[in-house]
Amino acid sequence: MPSMWKSRSQATIDFPKKKFHRSCPAKNLPLSPRKRLDTENLCNVPQPLQCSPTKHKKENQPIAPSTPRGRKLEFDESLVKQAACSSEKHEPLADPFVASKSPGRTASPLSKGCETPCSKNALQGWKSLARNVTQRGTCYQQTKQVLNTAIPERLLAREDETEAISRFIVGHVCEQKPGSLYISGAPGTGKTACVERIIEDLKGTLGDTIVISINCMSLRSSQTIFRSIVDKLFGESKLRCAGKDFPRKLENKLTSPGPMVLLILDEMDQLDSKAQDILYRLFEWPWLTNSRLVLIGIANALDLTDRILPRLQARPKCKPELLNFAPYSREQIVAIVQDRLNQVSGENVFDSVAVQFCARKVSSVSGDARKALDMCRRAVEIVESNVRNQTTTKPVLEPDSPAPSPGLKKVGLLHVSQVVSEVDGDRMKSSSGSDECFPLQQKLLVCSLLLLTRQSKVKEFTLGKLHDTYSKVCRQHQMSGVDQSECVSLCSLLESRGIVSLKRSKEARLTKVALKIEEKDVEYALHDKVLMGNILQRGLP
């Protein structure tokens with residue numbers, strides 16, 4: 001009994017029980033981890049976060065049994081069509097999410113479902129911008145088309161020359177009188193264009209006349225001119241004979257009965273040969289007995305018949321009529337360019353000052369109308385490229401901000417000046433702008449060719465004569481020169497740079513050399529050099 005009494009009389013202390021989180025398991029573990037056994041010891045076992053919040057549904061929001069728990073993005077095709085047509089009607093778009101929930105209900109453009117609201121001002125602005133860009137591109141394209149170098153419908157500033165050519169053709173062809181006409185002039189002065197336009201206009205008047213037009217630049221050699229005439233006259237490959245028999249066959253054909261033959265030879269100076277027998281024979285054909293040939297020769301050299309064909313002076317009957325085309329003046333070039341620009345239906349993209357500047361530059365150098373048209377077309381391409389780059393790199397504006405509506409960017413003085421510097425740039429300098437890479441011997445050769453051109457009226461010289469002059473210049477200034485074989489290599493290098501032109505021959509000494517750029521450009525490139533300036537100032541020894 002004492003033990004029972006002791007247990008009943010002992011005081012006990014009630015410790016508060018530890019409160020666990022609701023998510024913890026309802027299992028009472030011992031207080032000390034050391035007293036836990038086997039699976040009860042969870043100290044080294046990874047447990048999930050006991051305090052992570054559980055997902056609760058929104059309170060006080062009933063869920064319809066037919067509505068799915070997830071939110072599915074659905075797009076209606078009718079709404080896409082409505083978005084495409086809303087730019088014209090400027091109506092607010094319906095929210096696709098709201099429309100799918102409650103059909104027949106249209107939401108405002110600023111509702112939660114509409115992520116890109118349409119703005120009336122922005123749509124109108126961007127439509128006008130696209131329209132302006134299209135119109136500008138059309139104007140530039142039309143301007144480039146009318147500034148081509150093809151034969152125009154009407155030729156300006158060439159009324160007297162056109163009348164003289166027409167009178168010659170009608171007087172000789174229609175009256176069956178053989179004859180020859182030589183037309184000379186600088187490149188781009190309208191020689192070939194006038195002849196071709198007149199032939200086109202006189203088709204009804206010429207009747208059954210056989211018209212043969214050959215560009216001598218397309219011939220492989222000067223001897224093939226007779227074969228080309230035979231192919232045009234008899235039909236290609238119908239007359240088979242040896243090469244030496246072609247001239248005799250042609251003479252028999254041209255002196256036999258038949259219709260008149262009008263032969264037009266463009267770039268006639270390319271038929272230059274050693275004894276000039278080809279040119280002599282062509283100019284003598286119209287004066288053969290019973291001849292029915294009317295010859296029109298076109299070339300750049302003014303004195304071709306006097307300098308190259310001196311025997312024609314001894315036979316006045318065989319001497320052709322002469323007609324020279326003078327270079328275009330500034331006023332004529334302006335009239336030609338303005339006439340082309342007036343053919344554009346849209347707004348004029350050229351400033352009058354730019355046209356005047358281009359005409360002044362071209363007329364002061366060569367008077368070449370084709371060069372003026374090419375420079376104007378290149379200036380239009382530069383402006384068009386700048387406008388295209390500005391349009392593509394322009395930042396995207398906000399939807400509510402109005403789009404810009406720039407006007408037509410015109411070709412100004414700076415654009416034409418840039419083209420002039422590109423076309424008429426100093427070829428004596430390298431692409432980096434320095435002339436250090438231009439060798440001294442090539443400069444001396446160019447100076448010698450320039451001195452020869454100044455001394456005589458002839459523009460072409462044989463390589464032997466050029467080398468002799470070059471050797472004299474080198475001895476005069478106590479400099480070492482190169483031999484003739486190296487001089488041929490130097491001329492080839494100058495030809496590759498576009499400074500000289502070469503007409504090669506079987507013998508290197510007979511190769512003809514001519515300056516391809518203007519004398520003023522060569523003088524400007526060399527006048528500030530001490531040595532070159534002294535050579536040009538002292539002249540030939």
Side-chain angles (χ1 to χ4, degrees), residues 155 157-199 201-202 206 209 211-217 222 225 229 254 260-273 275-288 291-329 332 366-370 453 456-460 512 514:
L155 294 172
R158 287 291 180 247
E159 292 78 9
D160 298 338
E161 291 81 357
T162 303
E163 183 180 357
I165 297 173
S166 301
R167 186 169 57 251
F168 172 82
I169 294 176
V170 173
H172 286 76
V173 174
C174 297
E175 297 180 7
Q176 297 185 356
K177 293 171 53 178
S180 58
L181 172 65
Y182 176 69
I183 302 175
S184 62
T189 53
K191 305 183 297 298
T192 306
C194 281
V195 174
E196 294 185 2
R197 175 53 56 190
I198 292 170
I199 296 299
D201 296 340
L202 294 178
L206 297 178
T209 303
V211 180
I212 301 175
S213 180
I214 299 176
N215 190 332
C216 299
M217 290 287 291
S222 57
I225 181 62
I229 298 175
L254 294 175
M260 296 294 294
V261 178
L262 177 59
L263 178 60
I264 302 173
L265 299 179
D266 196 6
E267 304 292 344
M268 195 177 189
D269 52 352
Q270 299 298 320
L271 301 178
D272 188 12
S273 58
Q276 309 300 342
D277 54 341
I278 298 176
L279 290 175
Y280 276 123
R281 177 166 288 184
L282 289 173
F283 278 108
E284 290 173 356
W285 276 352
W287 307 108
L288 296 176
S291 176
R292 49 190 177 92
L293 175 65
V294 177
L295 175 64
I296 297 180
I298 305 173
N300 299 331
L302 178 62
D303 54 349
L304 183 138
T305 56
D306 299 336
R307 174 174 49 87
I308 299 180
L309 307 174
R311 283 193 337 216
L312 294 179
Q313 302 297 329
R315 302 178 62 183
K317 186 178 179 180
C318 299
K319 187 176 181 180
E321 299 183 20
L322 302 179
L323 179 63
N324 181 46
F325 277 64
Y328 286 106
S329 62
Q332 292 173 342
S366 60
D368 190 344
R370 292 180 301 186
T453 307
S456 60
K457 297 180 181 180
V458 183
K459 295 184 178 180
E460 292 182 350
K512 293 192 175 181

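Counting begins at 1 with the first residue of the sequence. Since the structure is predicted, the reported quantities are computational estimates derived from the model, not experimental observations.
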Asker: Short question: side chain of Lys191, backbone of Gly185 - any donor-acceptor pair under 3.5 Å?
Answerer: yes
Asker: Could you go step by step and tell me if Leu265 and Ile298 meet the side chain to side chain contact (heavy atoms under 4.5 Å, CB included) rule?
Answerer: CA-CA 6 Å; Leu265 299 179; Ile298 305 173; over 6 Å; no
Asker: Quick one: list whatever passes side chain to side chain contact (heavy atoms under 4.5 Å, CB included) with Ser291, sequence neighbours left out.
Answerer: Pro178, Leu288, Leu293
Asker: Could you state the interatomic distance from CG (Asp272) to CD1 (Ile308), rounded to the nearest 0.5 Å?
Answerer: 5.0 Å
Asker: Just list the side-chain donor-acceptor pairs under 3.5 Å for residues 315-322, sequence neighbours left out, or say none.
Answerer:
unit_1, atom_1, unit_2, atom_2, d
Arg315, NH1, Glu284, OE2, 3.2
Lys319, NZ, Gln313, OE1, 3.2

Asker: Distance check, rounded to the nearest 0.5 Å: Ile165 atom CD1 versus Ile198 atom CD1?
Answerer: 4.5 Å
Asker: Measure the CG-OG1 distance between Asn215 and Thr192 for me, rounded to the nearest 0.5 Å.
Answerer: 7.5 Å
Asker: Check salt bridge (charged side-chain N to carboxylate O under 4.0 Å, His left out) between Glu460 and all other residues, then give those that pass, not counting sequence neighbours.
Answerer: Lys503
Asker: For residues 168-184, which residue pairs qualify under side-chain hydrogen bond (donor to acceptor under 3.5 Å, both in side chains), counting only residues two or more places apart or in two chains?
Answerer: Ser184-Asn324
Asker: Please evaluate residues Leu202 and Ile169 with respect to the criterion side chain to side chain contact (heavy atoms under 4.5 Å, CB included), reporting the C-alpha separation (whole Å), side-chain torsions for both, the decisive distance (0.1 Å), and the verdict.
Answerer: CA-CA 9 Å; Leu202 294 178; Ile169 294 176; 4.2 Å; yes
Asker: Quick one: CD on Gln332 to OG on Ser329, what's the gap to the nearest 0.5 Å?
Answerer: 3.5 Å
Asker: Counting N and O atoms only, with roles assigned by atom type, does the side chain of Glu196 sit under 3.5 Å from a partner on the main chain of Ala193, one being a donor and the other an acceptor?
Answerer: no
Asker: Who are the side chain to side chain contact (heavy atoms under 4.5 Å, CB included) partners of Ala326, not counting sequence neighbours?
Answerer: none
Asker: What heavy-atom pair brings Phe325 and Cys194 nearest, and what distance separates the two atoms?
Answerer: CE2-SG, 3.7 Å
Asker: Can you tell if the side chain of Val170 reaches within under 4.5 Å of the side chain of Leu206, non-hydrogen atoms only?
Answerer: no
Asker: Once side chain to side chain donor-acceptor pair (under 3.5 Å) is applied, do any residues pair with Ser213, and if so which ones, sequence neighbours excluded?
Answerer: none
Asker: Grab the two heavy atoms, one from Gly367 and one from Thr189, that are nearest each other, plus how far apart they are.
Answerer: O-CG2, 4.3 Å
Asker: Atom CG in Leu263, atom CD1 in Ile214: separation rounded to 0.5 Å?
Answerer: 6.0 Å
Asker: Please report the closest heavy-atom contact between Tyr328 and Gly188, naming both atoms and the distance.
Answerer: CE1-O, 3.3 Å
Asker: State, yes or no, whether a side-chain contact exists between Leu181 and Leu295 at a heavy-atom distance under 4.5 Å.
Answerer: no
Asker: What pairs meet the salt bridge (Lys or Arg N to Asp or Glu O under 4.0 Å) rule with one or both residues in residues 260-270, with sequence neighbours excluded?
Answerer: none
Asker: Please collect all side-chain hydrogen bond (donor to acceptor under 3.5 Å, both in side chains) contacts where either partner lies in residues 157-166, sequence neighbours excluded, each pair once.
Answerer: none
Asker: Let me see the working for Val195 and Ile183 under side chain to side chain contact (heavy atoms under 4.5 Å, CB included), right down to the final yes or no.
Answerer: CA-CA 10 Å; Val195 174; Ile183 302 175; 3.7 Å; yes
Asker: Can you measure from OG (Ser222) to CD (Gln270) and round to the nearest 0.5 angstrom?
Answerer: 10.0 Å
Asker: Is there a side chain to side chain contact (heavy atoms under 4.5 Å, CB included) between Gln276 and Leu271? Walk through the geometry before answering.
Answerer: CA-CA 8 Å; Gln276 309 300 342; Leu271 301 178; over 6 Å; no
Asker: Could you report the tightest heavy-atom contact between Phe168 and Val294, atom names first, then the distance?
Answerer: CE2-CG1, 3.8 Å
Asker: Shortest non-hydrogen contact from Leu254 to Trp285?
Answerer: CD1-CE3, 3.8 Å
